[in-house]
Each structure stands twice: as C-alpha cells, then as structure tokens.
Amino acid sequence: MKIAVVGLGAVGTVYGCLLKKSGHEVWGVELPEEAAEIKELGFSVTGLWGRKRAQPDVVTDDLAALRGQGFDLVIAAVKAPVLESVLEGIAAALGATGKVLLLQDGYGNYEAAAAVISPDRIVNGVQSVEMKLLEVGDSKVVSQGEPLRIGSVEGKMSPAELEALAAMLNDAGIETTAVTDITAWIWANIIINASLATISAVVQSSYGKLLQENESKVIVDNSIKEIFDLLDKLGLKTIWPDAAACQEDLVAERIGLRSMRMSPMLEDLRRGRPAEMDWFNGAVCRLALENGMLALTNEMIRTMFGHKEKLGVAAVPSEGDN
C-alpha cells in the first residue's frame, strides 16, 4: 500500500517505521527541522515491540506535497488540537478508494474530519499503547493495554474493508481489532482521559495514586458519573454498563491502584504545546450545556487545567512521567 503518516511524533514514528518494515511505501510529514533529521536518519523504534529501524520513502515538511499522490491510506497521527488544520491536505492526498485513519483521542475528531472527508472513508482508531518520543524519529513503545480498535462511527465502511485494514496493521506488528461499536470505545477513552489524565496533569500524580487517595478518588468518580449521565441523555453507550462498573473496572483491572502511569499531557504542558483537555473535559462540559445539563466536576477540572497552562510547569519533573 501507499501510505502517508501526517505527524511524526511518538505515534507517527512507530506506525511509519513498522509499516515501512512490512513492505509498504511510506511517506511522512513533519515540521521542517524534524523532517530534515528524519530524512537523514530514518525511523527507529525500541521497547515492547522490539528494536526496528526503517527509512521512509519520502519525508516532507509540506503537506501540499501529498496532493494528488493517490494514497491508499493516510494516518493522521497529529494531536487533536492540530487535526483540523491538516484535514484539507489529507483529503487532497487520498486516492480514489483511499482511507484516513484518525488516531486522536477525545470527542470531535470524527466530526471535524467528516466535514471535509466522506464518512465512508474515515476510520477512527482507539489505542491504549503508551509510546514515548526519545528523540526526533526515535520512539519507544513503553506499555500496551489492549489492541488498537478501529471502526466506522456511522457504519459507512463495510466490515470487510475494516477487517482488511486490521489485517494489514496486524501484519506490520500493530495489534489491531476491527469493531462495530467504535463510538463506545471512543467514549471509554474520553472517560479515562477526562477522569484521570487531566487530573494527573494538574496535580502531577500517577493514575494509581489518584485511585488510592479518597479525596482524589471522589473527584474521579464524580467526573465519571457526570459523563455517564451525559451519555444517557445522548442515548449513547460505552464499554461499561454504568458508572459503577466503570469505576470498579478502573480500580481492579484497566488501570489498577499500583499504576505509576502519569498523564501524557504533562509533556504538552512542559513544552507549552496545546493539550487535548478541550477534547475531554471541555467536550463533556459543552455537550452537557447543549443538552440542558451541568457537569460541575468536569468544569472544575477544566478550569484547574486552564490555570495550570497559564501558570507554567516549572515544577513538573522531567523524569518518571511515563
């Protein structure tokens, strides 16, 4: 396949490297300085998925260079705050039957893409793999929870197409499962990030400690309950039947009291980059207001995160946040 990876950070580097190693033609798009370095040195991946190196076919800092190239697949590996700015370029890069794979966390990414690209060409992905960019073009797979889940939000893509894409990714070493209920997994991702990742970034505490301490656990639980109340109002389901089941699963299985995982948004705060909070707690608050509801705990978390962005993160430790 002819594949473009837009955004060569931690995730884009891993996907680009593994897909090139499995025999695909891979193009990459990144900012000028980083693009020049990757063009010279290529991709490197270490960690749980083994040590691999690969040289992409083309690396450019100009998204317009993809226009008319007829890609079979474009992987949008930029973060949610950047996605909207690259969608027109992605649309222009797709071949006649080309697909775009969205790997952003949070709510609103599909909606933004569907305003530019036909829904039958959009695949949403939800992953629970932790990847860390060590240096430009050099990424480490730190931990893995569950497989990448891919699906079509509106069911406009056939199961056969999704299964074929999943098979291609699996062949490259990216464990992937095609699902029919991708919206449920998107909301599961939102719940975990809104209730744990944003708070972890604000207080600089691990997920496990947030679940251990009574004071923080109350905030986590209230955030989760508000989101389930919103889902009930919207008529949507997630992977847990109710808030209590979700809270129990996070403690007993999915996260665990001993988890040392820290929010990936800490790195965004440290580097002064736009973080994804508006796609988690911010989205919950907006949707709640639009539906005549209040989400006071999520509003509090959103406000605290906003203050953290303004105050700076000089106290954020440079080690131990992954």
Side-chain angles (χ1 to χ4, degrees), residues 1-7 11-12 14-29 49 56-57 63 66-78 80 83-84 86-129 144-190 236-239:
M1 293 180 72
K2 186 174 183 179
I3 300 171
V5 183
V6 178
V11 174
V14 171
Y15 278 67
C17 184
L18 269 61
L19 289 165
K20 181 58 190 174
K21 285 289 287 183
S22 64
H24 300 284
E25 179 182 345
V26 174
W27 292 38
V29 181
W49 294 355
D57 295 277
L63 184 59
L66 275 59
R67 179 181 294 272
Q69 289 293 330
F71 287 94
D72 301 303
L73 178 67
V74 177
I75 299 174
V78 296
L83 177 64
E84 194 166 354
V86 301
L87 286 171
E88 292 282 358
I90 289 174
L94 293 174
T97 60
K99 306 291 189 292
V100 57
L101 173 59
L102 304 179
L103 294 176
Q104 292 69 36
D105 292 326
Y107 176 84
N109 301 300
Y110 169 76
E111 290 75 11
V116 179
I117 301 167
S118 176
D120 63 353
R121 306 179 78 178
I122 302 172
V123 183
N124 277 80
V126 177
Q127 60 183 353
S128 57
V129 180
Q144 177 172 354
E146 300 185 44
L148 169 70
R149 286 181 167 83
I150 61 170
S152 172
V153 168
E154 295 186 48
K156 296 292 181 68
M157 193 174 298
S158 73
E161 289 177 295
L162 290 169
E163 290 290 351
L165 178 56
M168 185 273 289
L169 293 168
N170 277 306
D171 287 344
I174 302 165
E175 188 179 0
T176 306
T177 301
V179 298
T180 58
D181 58 345
I182 193 65
T183 299
W185 288 97
I186 290 171
W187 274 102
N189 172 273
I190 293 168
L236 297 174
K237 302 291 185 183
T238 186
I239 65 173

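Keep in mind that this is a model prediction, so the values were computed, not measured.
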If we only count heavy atoms from C-beta on, is the Gln127 to Thr176 side-chain gap below 4.5 Å? no
If only atom types and distance count, is the side chain of Gln144 paired as donor or acceptor with the main-chain N or O of Trp49 below 3.5 Å? no
Going by the angle between their ring planes, with limits at 30° and 60°, are Trp187 and Tyr107 parallel, tilted or perpendicular? tilted
Is there a donor-acceptor pair under 3.5 Å between the side chain of Asp57 and the backbone N or O of Val26? yes
Heavy-atom nearest pair, Ala76 first then Gln104, reads O-NE2, 2.8 Å
Under the 3.5 angstrom rule, does the side chain of Asp72 hit a backbone N or O of Lys2 as a donor-acceptor pair? yes
Would you check if Leu148 and Leu103 make a side-chain contact, meaning some heavy-atom pair closer than 4.5 Å? yes
Would you call Leu73 and His24 a side-chain contact if the rule is heavy atoms closer than 4.5 Å? no
Keeping Ser128 on the side-chain end and Glu146 on the backbone end, is there a donor-acceptor pair under 3.5 Å? yes
How long is the gap from CG on Leu102 to CD1 on Ile150, to the nearest 0.5 Å? 11.5 Å
Exercise: identify the closest heavy-atom pair between Asp105 and Ala80: O-CB, 3.9 Å
So, does Ser158 use its side chain to make a donor-acceptor pair with the main chain of Glu161 at under 3.5 Å? yes
Is the closest side-chain heavy-atom distance between Ile3 and Tyr15 below 4.5 Å? no
Gap between atom CD1 of Ile186 and atom CG of Asn124 - 0.5 Å precision: 4.0 Å
Between CD1 on residue Ile90 and CD1 on residue Ile117, distance to nearest 0.5 Å: 6.0 Å
Arg149 (side chain) donor-acceptor with Ile182 (main chain) under 3.5 angstrom: no
When every non-hydrogen atom of Val5 is compared with those of Ala77, the smallest separation belongs to CG1-CB, 4.2 Å
Heavy-atom closest pair (Leu63 atom, Gly89 atom, distance to 0.1 Å) is CD2-CA, 3.7 Å
For a 4.5 angstrom cut-off between non-hydrogen side-chain atoms, does Leu165 reach Lys99? no
Between Thr238 and Ala184 (side chain of the first, backbone of the second, donor and acceptor by atom type, cut-off under 3.5 Å), is there such a pair? yes
Output for pair (Leu19 CG, Ile75 CD1), nearest 0.5 Å, gives 5.0 Å
What are the two closest heavy atoms between Val78 and Gly7, and how far apart are they? CG1-CA, 3.8 Å
Is the shortest heavy-atom distance from the side chain of Ser22 to the side chain of Asp171 under 4.5 Å? no
Where is the tightest heavy-atom contact between Pro119 and Tyr110, given as atom of each residue plus distance? CB-OH, 3.2 Å
To the nearest 0.5 Å, tell me how far Asp181 CG sits from Leu236 CG. 12.0 Å
Do Asn170 and Glu175 make a side-chain contact, defined as non-hydrogen atoms from C-beta onward lying under 4.5 Å apart? yes
Answer yes or no: is there a side-chain heavy-atom contact under 4.5 Å between Met157 and Ile122? no
Is the count of non-hydrogen atoms from other residues, nucleotides or ligands lying under 6.0 Å from Glu88 atom CD greater than 12? no
